[in-house]
Protein chains: 2
Amino acid sequence: MARIDDIDKQILDVLIENTRTPFTDIAKRLNISAGTVHVRVKKMEESGIIKGSSLTVDYEQLGYTFIAYIGVFLEKTSQTQFVISRIKEIPFVTVAHITTGKFNIFCKIRAQDTTHAKKIIFLLDDIEGVSRTETMISLEESINDKKRLLHKVFQDL
Amino acid sequence: MARIDDIDKQILDVLIENTRTPFTDIAKRLNISAGTVHVRVKKMEESGIIKGSSLTVDYEQLGYTFIAYIGVFLEKTSQTQFVISRIKEIPFVTVAHITTGKFNIFCKIRAQDTTHAKKIIFLLDDIEGVSRTETMISLEESINDKKRLLHKVFQDL
DNA sequence: GGTGAAACTTCTAATAA
DNA sequence: TTATTAGAAGTTTCACC
């Protein structure tokens, strides 16, 4: 666990909510100087705690309305890394985990529609070492909130 | 599908990679003026295509090393919305979908360790209407790249 | 470490094309 | 719709606590 103090945590909290919050604003809120905010952010960037920033985009408006989770079964566990490397080549697979339990690998895909999704799933099925896949289509993305966790990062359950 | 043109797409592409890229930089790359970038970004914010921005944080460094996916089985489908509303109250559930297939609801949790995860899973199990849950622990997050999709948003398969 | 102020860069909004 | 421009705002550096 990186050693960051309470000020750092508060800075993170603000920037997680909105990356573009001016340092001068943050400084005012936390009663420190903008220079201090700047130095601390820079340090967290250097230490890798802050990995980058990204826009939150409305995929639906861009025509990407289809989300599914796909469990992947392998013929042999030893093929895991190979299959992962092949999955990385498929666009629209946005998340993939090696998991315990039912599946060997577990992915999330985002596609335009069912036809598009079918193509992606077929690509997955065709990877050497994949015995079969199991698809769970999302009917509604009820929670998807990076901020949810992040605001709670330092809160106990 | 929102009507955005090629310039908009290119602006999105840059900002998705790094929200803090100066508009003057983007302007140079695309051979347009910074004012134009500004106007276009503003429009995309107003239309909701740009929903916000967030820091990408290294959770591992913050002590959150445990990721699991949890499939939730309900006693009756009619309880779905109620259960979702209860799940929303649980911190550390970062994603939840209503799905077809095996499970009724499908969540992702991020926790500090197994003890912490156990508490979260027990909270889920205790929700009225939940008959049981099935946990898949992530051994490795091999792909988690918002940028992966985003850069490909306008690419065909 | 933190501050405050100066120097520099970027943003924004209004105007003009 | 896009470009220009000037004033406002934000960032960064640095000498000094």
Side-chain angles (χ1 to χ4, degrees), chain A residues 1-63 146-147 150-151 153-155, chain B residues 1-63 146-147 150-151 153-155:
Chain A
M1 165 101 87
R3 31 193 165 41
I4 62 174
D5 66 12
D6 202 56
I7 306 273
D8 290 325
K9 290 174 186 175
Q10 290 183 65
I11 293 172
L12 277 185
D13 238 20
V14 175
L15 289 178
I16 280 160
E17 190 68 40
N18 176 8
T19 315
R20 285 185 174 271
T21 312
F23 290 1
T24 45
D25 267 30
I26 300 175
K28 264 181 235 160
R29 288 198 224 179
L30 307 187
N31 277 315
I32 53 179
S33 75
T36 303
V37 176
H38 177 242
V39 170
R40 282 167 174 269
V41 168
K42 209 170 175 183
K43 274 189 189 158
M44 288 193 281
E45 280 169 350
E46 278 160 8
S47 72
I49 290 178
I50 294 175
K51 293 202 283 189
S53 62
S54 185
L55 273 198
T56 310
V57 170
D58 186 336
Y59 299 94
E60 305 235 336
Q61 281 203 50
L62 294 175
K146 292 169 284 193
K147 289 160 194 169
L150 295 159
H151 273 299
V153 153
F154 311 105
Q155 170 193 305
Chain B
M1 166 100 90
R3 31 190 167 41
I4 62 173
D5 65 13
D6 202 57
I7 306 271
D8 290 325
K9 290 174 187 175
Q10 290 184 65
I11 293 172
L12 276 184
D13 238 21
V14 175
L15 289 177
I16 281 161
E17 190 68 40
N18 176 8
T19 315
R20 284 186 176 271
T21 312
F23 289 1
T24 44
D25 268 31
I26 301 175
K28 263 181 235 158
R29 289 197 222 179
L30 308 187
N31 276 315
I32 53 178
S33 75
T36 303
V37 176
H38 176 242
V39 169
R40 281 165 176 272
V41 167
K42 208 170 177 185
K43 274 189 191 161
M44 288 193 281
E45 280 169 351
E46 278 160 9
S47 73
I49 290 178
I50 294 176
K51 294 202 283 188
S53 63
S54 185
L55 274 198
T56 310
V57 170
D58 187 336
Y59 299 94
E60 305 234 336
Q61 281 203 48
L62 294 175
K146 293 169 284 192
K147 290 159 193 168
L150 294 159
H151 274 301
V153 153
F154 310 105
Q155 171 192 304

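Side chains are part of it too, since the values below use all heavy atoms of this structure and drop only hydrogens, waters and symmetry mates. Below, read A as the first sequence line, B as the second, and so on, with proteins coming before strands; counting in each chain starts at 1.
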Taking only the side-chain heavy atoms of B/S33 (C-beta and beyond), determine which of D/dT4, C/dC11, C/dG4 contains the nearest atom.
D/dT4
Smallest heavy-atom separation, A/A27 atom then A/S33 atom, equals CB-C, 3.6 Å
Would you indicate which nucleotide in C/dC11, C/dG4, D/dG10 comes nearest to any side-chain atom of A/T24?
D/dG10
B/D5 vs A/P22, nearer the 5' end of DNA chain D by closest nucleotide:
B/D5
Should B/R20 be listed as having a side-chain N or O under 4.0 Å from OP1 or OP2 of D/dT11?
yes
If each of B/V39 and A/G35 is mapped to the nucleotide of DNA chain C with the nearest heavy atom, which maps nearer the 5' terminus, i.e. the 5' end?
A/G35
What is the separation between atom CE on B/M44 and atom C1' on D/dT1, rounded to the nearest whole Å?
15 Å
Closest to side chain of A/K42, choosing from D/dA3, C/dG1, D/dT13
D/dT13
Measure from the side-chain heavy atoms of A/F23 and tell me the nearest of D/dT12, C/dG2, D/dG10.
D/dT12
Using whole Å, report how far CG of A/L15 lies from P of D/dT11.
10 Å
Can you tell me which nucleotide in C/dA13, D/dT1, C/dT3 comes closest to the side chain of B/R40?
D/dT1
Nearest-0.5 Å distance that lies between atom CG in A/L15 and atom OG1 in B/T56
11.5 Å
At what distance, to the nearest 0.5 angstrom, does CD1 of B/I50 lie from CG of B/L12?
5.5 Å
To the nearest Å, give me how far apart NZ (A/K28) and P (D/dT11) are.
11 Å
Can you figure out which of C/dT3, C/dC11, D/dG10 approaches the side chain of A/I32 most closely?
C/dT3
Member of A/H38, A/R40, A/K28 meeting the side chain to side chain contact (heavy atoms under 4.5 Å, CB included) criterion with A/F23
A/H38
Can you tell which of C/dT3, D/dT2, D/dT13 lies closest to the side chain of A/H38?
D/dT13
Whether A/R20 side chain and B/S53 backbone form a donor-acceptor pair below 3.5 Å:
no
Measure from CD1 on A/I7 to P on C/dG1 and round the result to the nearest Å.
13 Å
Nearest-Å distance for atom pair NZ/P, residues A/K43 and D/dT13
14 Å
Rounded to whole Å, how long is the line connecting atom CD1 of B/I4 with atom C1' of D/dT1?
17 Å
